Protein chains: 2
Amino acid sequence: MSWTLGPEQLDDLARGAAILGTGGGGDPTIGRLLVREAMREHGPVTVLDPDEVADDAFVIPVANMGAPTVMVEKLPGADEPVAALRALETFTGRKADATMPIECGGSNSLIPLIVAARTGLPVVDADGMGRAFPELQMETFHVYGIPASPLAMAGEHGETCVFDTGKDTKRLEDLARRVTVGLGGGAAIAEYSMTGEQLKRTAVPRTLSLALSLGRAVREAREAHRDPVEALGEAVTGTIYGHLRVLFRGKVTDVERRTEGGFARGRATFAAFEGDSGLELRFQNEHLAALRDGEPICVVPDLVCVLEADTGEPITTEALRYGQRVTVIGIAAPEIMRTPEALAVFGPSCFDLPFTFQPVEEKLPI
Amino acid sequence: MSWTLGPEQLDDLARGAAILGTGGGGDPTIGRLLVREAMREHGPVTVLDPDEVADDAFVIPVANMGAPTVMVEKLPGADEPVAALRALETFTGRKADATMPIECGGSNSLIPLIVAARTGLPVVDADGMGRAFPELQMETFHVYGIPASPLAMAGEHGETCVFDTGKDTKRLEDLARRVTVGLGGGAAIAEYSMTGEQLKRTAVPRTLSLALSLGRAVREAREAHRDPVEALGEAVTGTIYGHLRVLFRGKVTDVERRTEGGFARGRATFAAFEGDSGLELRFQNEHLAALRDGEPICVVPDLVCVLEADTGEPITTEALRYGQRVTVIGIAAPEIMRTPEALAVFGPSCFDLPFTFQPVEEKLPI
């Protein structure tokens, strides 16, 4: 059933999106402010359940592309994602019937809402990552045969660029990344345009509602003086994600972070509040793997999320600081993201990580 | 008057284009072979005098973009420039009435002939550089108010990319250069689409015929055992270029060359056959300045060309080798390239050269 998303839900949505962002996807603060402003001017947004989208509808997903470390200084604008969508409409010669997130994590959950508010288009409750990932080809859309091309990019000074690399989405990622760097490290994109039939077959469904429910669970737990992590566990149960595990509780002892080739890459280490146990996280924009005492316990595509120990508030990779007290959790990825075809596109080997994927709920049975 | 350009004229044209290429613009050998093949299959090409082009005709110039050092290894193809033209037609929603060189020097004089042969379009006898220059904004088109945007680029695997940066052609150069590097260092482009009225106002006229006449002059001088440089001087006299000066006769003593940021940059030094005199050339794809015994005697936009001493055959920057016996000549650029507006776009300061432009014929009076 379609539902209406209004400004009063944005805080919860942004918090949940930051959890699904696994440290990346861009800090949702700015995105939230931009959506609020767009809704203030144009009203709330209609969210369509994927099942409601007509098979022959034309859907254009939108997002921002770039290193999160850059986007906290070079703030994304509200005009660019609309310009990207319009440029893709012009290029394809077809008007969009709806927009959709490409990536349901972090700021990129919110960018389609700006476009929806400003254009009057509905937004589909689904995405192609089921979390955040750093590269354009790391999409269930791509895994199940939808090309990202053509891709339209829009910069802050009205620049547009439309790429078409056919089925070679890796090549598209490389070319678009270069232009993103040339546009200052961040730009808006519209890509993976597809029909309703295609999205129902390839998207991770209902990830906007999931983000909303995760963000709400943390807030309500806080208000009721309950453990937010326990509440998150309950919110995940019964969804296609299904499982949540606490990976570690402790303090940040070191963060090594560099912005290179348009990405924020690095690692963070943590020490337990009690005992000698240690945790290491590896990230490329997003957290990719958690190693407890040297052993991988949660790796991509499963989600690794760092939360403030007291409040359950998610912390992005670029906001990690020495001394922060955190709870690190793992969330199981849905089955559509764990098939052999999917692991070949965003499993550990795609990030040069020498680990075999093992579902977090099997690695850490209750 | 329009005229027909056939395969029998290609050797002369390529030689003359290499002279106007001032060491760059891409080695014409490959371009010549591609044109010959296209003409073998599709017949000769119609060349239009700029005065014949209707004011409301739509002209799409084409070229290859990239470092000449790359293009001698990653050979350009015949499909890409046609694909670039077609992509720009699609983007602008307008069919081309003619094509034209963007750059009349080197391989780029010949690329429009491939497009003309394969599409049946006529080619206009004019260009926007009057020589070769390394960057997209270094065009009389740009100097006199025609934006390069939109620009369509095509790669060897069918990739296309359409950029639109409005009037900011410097930004376009930066973005397109990044994608060129991503496509392996070389790609075909279509840009500076314009009307017949605009081209008559902003192009350097009759540079294809000039290249043909320079190339023919060298060949005929060789056949008649005359000095090719003297013949070139006669061919230049009476054109809008007007003046030719011998800058140096001697041997190559050193070449320093590096491919960086998509460009071939460096310097070459020469020692006189007799006496202690020395010459230094600075280049970025093309020769930018000639310094005799430390003093600049011919600088951009005037043309510096290195010819084999015996044959008058032009030598590109990437083919310069220790020990080559050469004659270095300077050719005066036409007035349209020497205005204050033009010098602000491709004068010495645009290449970080600390020299003031002085016309070669004034610097070296006869």
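Owing to the predicted nature of the structure, the values given are computational and were not obtained by experimental measurement. In what follows, chains carry the letters A, B, and so on, assigned in the order in which the sequence lines appear, proteins first and then strands, with residues in each chain numbered from 1.
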Side chain, backbone, both or neither: which part of Arg171(A) has a non-hydrogen atom closer than 4.5 Å to chain B? side chain

Using the test side chain to side chain contact (heavy atoms under 4.5 Å, CB included), find all partners of Ala54(B) that sit at least two apart in sequence or belong to another chain. Asp56(B), Ala57(B)

Heavy-atom pairs under 4.5 Å with chain B, option from Val179(A), Thr160(A), Leu183(A) with the top count: Thr160(A)

Enumerate, atom names and distances included, each donor-acceptor pair closer than 3.5 Å involving a side-chain atom of residues 149-158 of chain A, sequence neighbours excluded.
from, atom 1, to, atom 2, distance (Å)
Ser149(A), OG, Thr165(A), N, 2.9
Ser149(A), OG, Thr165(A), OG1, 3.1

Who passes side chain to side chain donor-acceptor pair (under 3.5 Å) against Asp164(A), sequence neighbours left out? none

Lys/Arg N to Asp/Glu carboxylate O, Asp174(B) vs Arg178(B), below 4.0 Å: yes

For Thr119(A) and Val115(A), the nearest pair of non-hydrogen atoms, with its separation, is OG1-O, 2.6 Å

Using non-hydrogen atoms and a limit below 4.5 Å, what part of residues 131-146 of chain A faces chain B? none

Taking all non-hydrogen atoms of both residues, which atom of Pro112(A) and which atom of Thr99(A) are closest, and how far apart? O-CG2, 3.6 Å

Do NZ/NE/NH1/NH2 and the carboxylate oxygens of Arg86(B) and Glu89(B) come within less than 4.0 Å? yes

